[in-house]
Protein chains: 2
Amino acid sequence: MNTRARARRGEGAHLREELLDATERLLAATGDEEMVSVRAIAEAVGVSPPAIYLHFPDKDALIFEVCAARFAELDRFIEDAAAGVRDPIEALVVRGRAYVRFGVENPEQYRVLFMRRGSARALTPAELRETAAFGNLVKAVERAQQAGRLTSSEDGVRIAMELWAVAHGVTSLLIGVHGFPWPADFADRVLRTYVDGLSSRADTSS
Amino acid sequence: MNTRARARRGEGAHLREELLDATERLLAATGDEEMVSVRAIAEAVGVSPPAIYLHFPDKDALIFEVCAARFAELDRFIEDAAAGVRDPIEALVVRGRAYVRFGVENPEQYRVLFMRRGSARALTPAELRETAAFGNLVKAVERAQQAGRLTSSEDGVRIAMELWAVAHGVTSLLIGVHGFPWPADFADRVLRTYVDGLSSRADTSS
DNA sequence: TGTACATCAGTGAACGCGCGTTCACTGATGTAC
DNA sequence: TGTACATCAGTGAACGCGCGTTCACTGATGTAC
């Protein structure tokens with residue numbers, strides 16, 4: 001029953017922002033995309049459901065925009081975490097850990113981005129490859145290659161995909177399988193073991 | 001519009017089997033749990049929707065039973081794949097590969113088992129640990145430990161959880177992110193790199 | 001300075017849909033006497 | 001051997017629900033003359 005003053009002329013776009021904010025809050029609070037209905041969003045903002053269609057073509061576009069914004073945050077979060085780390089191998093572990101942590105703290109957005117059925121709007125592979133988050137991971141891999149800590153005979157993109165798969169595995173199990181006795185250092189352990197394995201590929205080839 | 005002869009007295013349980021079969025087929029065919037409605041299942045079998053409630057307390061119990069059965073198949077599939085493999089480290093890779101393959105070939109059942117929201121009925125952690133599939137993985141890890149190929153100073157269950165996370169990461173990305181240029185040997189590469197990393201843990205401790 | 005008018009930011013009611021589930025029932029099948 | 005009856009395996013119609021979306025509208029706000 002949140003009431004809201006009607007926006008003044010030319011300021012209709014304010015509602016757009018409020019809708020995005022409310023959707024994000026609901027997604028985070030309920031932790032369930034299916035509970036974030038058009039009606040729930042509208043009520044949270046203090047507006048009638050049809051008002052949403054003044055600013056978004058449909059519900060999916062709204063949800064997706066919220067999640068895409070969160071995706072940009074994911075990139076920033078990872079970059080911040082890795083910023084001070086000199087050692088390029090350690091930096092890969094730190095990145096992975098940041099990725100996992102972000103996913104665990106924003107499980108529903110994570111689900112919408114990476115664990116959704118094919119039917120709904122999701123990041124296309126092309127979009128995904130062009131995201132800052134993935135691009136920065138590829139660069140981090142390449143730095144490790146240039147420092148001679150990973151084999152340079154392999155494509156950095158491929159290695160980045162592998163690291164993504166490992167971090168995603170940890171993240172989605174932590175999100176999806178509650179109550180399992182995951183050790184506190186689980187993510188760290190898995191990531192570290194993986195980069196060890198990557199390093200040994202380098203050792204055998206050089 | 002499948003019509004079906006009413007079962008004779010005492011043979012009502014036949015319908016139960018037919019319902020399980022039809023649900024499994026629909027799940028596999030549509031690849032979308034949400035399309036597998038009570039009405040769709042009933043129609044596939046040639047029976048009215050309420051007939052389902054003669055055999056299952058609710059829809060969730062039916063879906064879950066189908067998926068749990070598939071889970072038992074997963075175990076068999078993995079055991080068959082690993083049966084002839086002598087080398088205990090190679091056996092871990094082979095197991096992982098079988099896991100991924102099974103998931104990719106049964107994506108919707110995989111989703112229901114491992115990628116579902118918390119609200120619905122899912123395997124409890126206790127059930128999960130007691131599944132043959134997880135138990136057999138732990139045993140396979142312990143064989144590698146006993147052969148001196150993995151450090152024995154760590155809990156086999158923990159290492160099994162790590163391998164699961166890695167295999168799950170690959171599986172769920174392959175399922176969830178279609179069209180991304182995953183290499184054909186992606187699963188193999190990731191699993192092999194991980195067991196390499198695990199082996200190097202053993203090297204440093206012994 | 002006053003007023004007609006276009007525009008903008010919404011609203012209220014309703015649309016049709018498909019869902020899981022319940023309830024009172026039917027009619028064939030087997031059994032007891 | 002015939003018949004009344006209990007049982008079993010279903011059916012048909014309807015329940016209430018919440019969903020995303022559409023449509024005709026309203027009423028305040030600013031602008032032109």
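For clarity, every value in this text was computed on a predicted model and none was experimentally measured. We name chains A, B, ... by the order of the sequence lines, and we start the count at 1 in each one.
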Are any of the side-chain nitrogens in B:R76 or B:E73 under 4.0 Å away from the carboxylate oxygens of its partner? no
Whichever of A:A51 and A:R9 has its nearest DNA chain C nucleotide further upstream toward 5': A:R9
At the 4.0 Å heavy-atom cut-off to chain B, mark where contacts on DNA chain D begin and end, going 5' to 3'. D:dA6 to D:dA14
Answer with base, sugar-phosphate or nothing: what part of the nucleic acid does A:R8 contact at a heavy-atom distance below 4.0 Å? sugar-phosphate
For A:F180 and B:F134, I'd like to know if the aromatic rings sit close, meaning centre-to-centre distance below 6.0 Å. yes
D:dA24: pairing nucleotide in any strand, Watson-Crick or G-U under 3.5 angstrom: C:dT11
Go through A:E33 and A:K59 one step at a time and tell me if the salt bridge (charged side-chain N to carboxylate O under 4.0 Å, His left out) criterion holds. CA-CA 11 Å; A:E33 190 194 347; A:K59 185 199 174 186; 5.7 Å; no
Classify B:S37 by what it touches in the nucleic acid, base, sugar-phosphate, or nothing, heavy-atom distance under 4.0 Å. sugar-phosphate
B:Y110-B:F71 aromatic ring centre distance below 6.0 Å: no
B:G12 or A:A40: which one's nearest nucleotide on DNA chain D is closer to the 5' end? B:G12
CZ (B:R129) with more than 12 external heavy atoms under 6.0 Å: no
Name the pairing partner of C:dA32, where a pair is Watson-Crick or G-U wobble with both distances under 3.5 Å, or state none. D:dT3
Hunt down the Watson-Crick or G-U wobble partner of C:dC19, both distances under 3.5 Å, from any strand shown, or write none. D:dG16
Just to be sure I understand the rule, does B:R6 reach a base, reach only the sugar-phosphate, or reach nothing, if contact means heavy atoms closer than 4.0 Å? base
Can you tell me how far the CE atom of B:M115 sits from the CD1 atom of B:I175, to the nearest 0.5 Å? 6.0 Å
Nearest-nucleotide comparison on DNA chain C, the residue closer to the 5′ end among B:D58 and A:A7: A:A7
